[in-house]
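Working notes, structure below.
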Amino acid sequence: MERIRAIVFLFFFLSLAAYCFGQVDITAEDSIPQIPLVTDTILTVDTTNVIISDTDLVEDSGVENPYIRYDLNHLDWGKDSMSLVRFFEKLSGVMERKEGHLHILHIGASHVQAGTMTHRFRSRLLDAYGAPPAARGFIFPYSAATNCNNPADYKISKRATFNLIRNVYQSYTFPLGGSGIAVWCSDTANSISVKMNAPDYDFYADTIILLGAAHGWPIDPILQYDTIYHFPDSEDLAHDRYFYYLDEPVTDFTIHFPCSPKDTFEVEGILLRNGRAGITVSSIGVNGAQVTSYLRCKNFVRDMELIKPDLVIFGIGVNDAYGSTFDSLAFKRNYLELVARIREANPDCAFIFLSNNDTWKKGKKGKYYVNPTGPAVSEVMHRLADLTGGAVWDQFHIMGGLRSMDTWRKKGLAQKDYVHFTAAGYQQLGDLLFEAFINEIKQY
């Protein structure tokens, strides 16, 4: 093995000399193949909604306080919510005594992949914690692939070419894990560099776990920080993991993948850890994802066992309820299966369900009409909270209910597609979620 590593190391440096280091900075969202909706027991969508155009926006008549309903900004607890009680009791203790550690995981689609809402919530929570932060937790190198947007609180650069696989595709080359997404390379000089980009928080790591797999000839990914090159300290090839235990804390590093042209290496994420007490807030988001997209990930439970979240905040549902029909029973059933898989990894995990934001659909001649599924999704989320002992943050009604996306757009908080928010809009949502969350902590 040492002889093989020496050969690989030499091969790596010869390759390194032959290529120039290139930076990428990609923010555009790529096109998303959609998975057809399941259509047994259908809620039919009313297509006779009010139609608006980009230049002739209607008023939100008949909606009480259509901008933000602060009176609704709280967590609605379901029945038998002992898992949430235990979570908030533990969180209160961590915040008060600065001892222990909790991991909060936000899972969703494009709203989550963008990272802005999650980081706003993370920042507010860490500011309330008031001590040096724990490690950053789970990250994925989204912008290593072409036209794949990355959260702004860490920067990704790459060398050579990485291909993309997502759980929204009808088929994919390699099985996916908990992140629902992967990039893979097949070149002698591929590398991914990570640089923390949240200057107010010292997100250092002294343990780095690479989630990935070599396909073909065995490959030892080489971790580089400063001038130090570090082979894995241990490998769990049965579970596609490489462990690096560092003698000093790092915030910036590069992982090299010395493949041959006939071999590939697939990267499914990076877990950053340190020994600090505190709160870790991670996110997993895939543009275009539905609940069924995550259910199709063969190694989802395997990776949740490693991440082991204490609380999962679900933000999946906009893509499930955006077609011409919305099957509320299938939606609920799929969510219950996803909850079951997470509880297989951590039986004590607590859950908060975020209802969909209000959305509009683009029709003929650039006109938009209201998507009426928001109330139905909100109702399903409340049923899920009852069935799982979780809680609901009713984003749909908090933002103003049906047709409120028009108001948010007029105020510069939503984009012209009437689905996504601007950076300011995501920050507003992160603030609202934090305020509802912190009010629960104050009770303990």
Side-chain angles (χ1 to χ4, degrees), residues 83 86-87 90-91 94 100-109 112-113 115 118-119 121-122 125-126 133-142 151 153-154 166-167 175-183 194 196 203-213 234-236 238-245 255 266-286 289 291 293-316 337-353 388 390:
S83 59
R86 289 191 294 268
F87 170 80
K90 185 177 179 181
L91 178 60
V94 168
H101 180 263
L102 283 170
H103 195 160
I104 299 171
L105 181 63
H106 189 189
I107 299 179
V112 179
Q113 181 174 330
T118 308
H119 187 62
F121 173 79
R122 176 190 297 116
L125 188 57
L126 293 180
R136 175 59 176 76
F138 184 85
I139 64 173
F140 182 83
Y142 294 99
D153 65 286
Y154 62 94
R166 295 186 299 174
N167 57 13
L176 292 174
S179 64
I181 190 170
V183 291
V194 178
M196 292 294 109
F203 287 130
Y204 76 81
D206 53 26
T207 297
I208 297 174
I209 305 173
L210 172 66
L211 284 68
S234 63
E235 301 175 356
D236 181 358
H239 296 92
D240 300 338
R241 296 168 190 168
Y242 299 80
F243 298 82
Y244 305 85
Y245 305 111
I255 303 178
E266 174 197 8
V267 178
E268 297 186 36
I270 303 169
L271 188 59
L272 306 176
R273 289 178 172 173
N274 60 31
R276 281 180 178 166
I279 306 161
T280 294
V281 180
S282 299
S283 63
I284 289 174
V286 180
V291 179
S293 305
Y294 287 99
L295 294 179
R296 297 171 65 221
C297 297
K298 178 181 177 181
N299 297 320
F300 183 86
V301 175
R302 178 202 69 182
D303 291 349
M304 286 299 114
E305 289 174 343
L306 178 66
I307 299 170
K308 200 172 183 180
D310 299 282
L311 171 71
V312 168
I313 301 175
F314 284 118
I316 318 172
E337 175 60 27
L338 191 59
V339 166
R341 294 187 187 185
I342 294 174
R343 282 204 164 139
E344 184 178 344
N346 181 14
D348 296 324
C349 187
F351 299 96
I352 296 175
F353 300 89
T388 64

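By convention here, the first residue in the shown sequence is residue 1.
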Legend entry - Those residues that, when tested against E266, pass salt bridge (Lys or Arg N to Asp or Glu O under 4.0 Å) (two or more places apart): none

Legend entry - pair F138-L306: side-chain heavy atoms closer than 4.5 Å: no

Inset, instruction - To the nearest 0.5 angstrom, please state how far the CG atom of N299 sits from the NE2 atom of H239. - result: 9.0 Å

Inset, instruction - Go through the structure and list residues passing ring pair (Phe, Tyr, Trp, His ring centres under 6.0 Å) with Y142, not counting sequence neighbours. - result: F140

Inset, instruction - With sequence neighbours excluded, tell me which residues meet side chain to side chain donor-acceptor pair (under 3.5 Å) with D153. - result: R136

Legend entry - Closest approach of R86 to D348 (non-hydrogen atoms, all atoms of both residues): NH2-OD1, 4.5 Å

Legend entry - Counterpart residues, side chain to side chain donor-acceptor pair (under 3.5 Å), relative to R241 (two or more places apart): none

Inset, instruction - May I ask you to test the I255-V267 pair for a side-chain heavy-atom distance under 4.5 Å? - result: no

Inset, instruction - Return the set of residues passing side chain to side chain donor-acceptor pair (under 3.5 Å) with E337 (not counting sequence neighbours), or none when no residue passes. - result: R341

Legend entry - By side-chain contact (heavy atoms from CB on, under 4.5 Å) - contacts of E305 (at least two apart): V301, A345

Legend entry - Contacts of C297 that satisfy side-chain contact (heavy atoms from CB on, under 4.5 Å) - sequence neighbours left out: N167, L176, F300

Legend entry - M304 side, atom CE; N346 side, atom CG - distance, nearest 0.5 Å: 11.0 Å

Legend entry - With sequence neighbours excluded, residues passing ring pair (Phe, Tyr, Trp, His ring centres under 6.0 Å) with Y154: none

Inset, instruction - Kindly compute the distance separating CZ (F243) from CD1 (I208), expressed to the nearest 0.5 Å. - result: 12.5 Å

Inset, instruction - Indicate yes or no: at least one non-hydrogen side-chain atom of S179 is less than 4.5 angstrom from one of L211. - result: no

Inset, instruction - Taking the side chain as every heavy atom from C-beta outward, state whether F353 and V339 have any pair of such atoms under 4.5 Å apart. - result: yes

Inset, instruction - Rounded to the nearest 0.5 Å, what's the gap from CD1 on I313 to CD1 on I352? Could you check? - result: 5.0 Å

Legend entry - Under the side-chain contact (heavy atoms from CB on, under 4.5 Å) test, residues paired with A350 that sit two or more places apart: S83, L84, F87, L311

Legend entry - pair L338-I107: side-chain heavy atoms closer than 4.5 Å: no

Legend entry - Set of residues satisfying side-chain contact (heavy atoms from CB on, under 4.5 Å) with respect to V112, sequence neighbours excluded: H106, T118, S283

Legend entry - L126 side chain near F203 side chain, heavy-atom distance below 4.5 Å: yes

Inset, instruction - Answer yes or no: is there a side-chain heavy-atom contact under 4.5 Å between L105 and I342? - result: no

Inset, instruction - Report the C-alpha distance between K308 and D310 in whole Å, list the side-chain angles of each, state the deciding distance to 0.1 Å, and finish with yes or no for side-chain contact (heavy atoms from CB on, under 4.5 Å). - result: CA-CA 7 Å; K308 200 172 183 180; D310 299 282; over 6 Å; no

Inset, instruction - Could you pull out the closest heavy-atom pair between L102 and K90, with the gap in Å? - result: CD2-CD, 3.4 Å

Inset, instruction - Would you please name every residue forming a salt bridge (Lys or Arg N to Asp or Glu O under 4.0 Å) with R302, sequence neighbours left out? - result: D240, E268

Inset, instruction - Mind checking the CD1-OG spacing from I181 to S293? Nearest 0.5 Å is all I need. - result: 11.5 Å

Legend entry - Nearest atoms (heavy-atom pairs only) where G108 meets Y294: O-OH, 2.6 Å

Inset, instruction - Give the minimum heavy-atom separation between P309 and C349, together with the two atoms involved. - result: O-SG, 3.5 Å

Inset, instruction - Kindly compute the distance separating OG1 (T207) from OH (Y244), expressed to the nearest 0.5 Å. - result: 13.0 Å

Inset, instruction - Check T280 against A134 and note the closest heavy-atom contact, atom names and distance. - result: OG1-CB, 3.6 Å

Inset, instruction - Kindly write out the residues that satisfy side chain to side chain donor-acceptor pair (under 3.5 Å) with H103, not counting sequence neighbours, or none if the list is empty. - result: S282

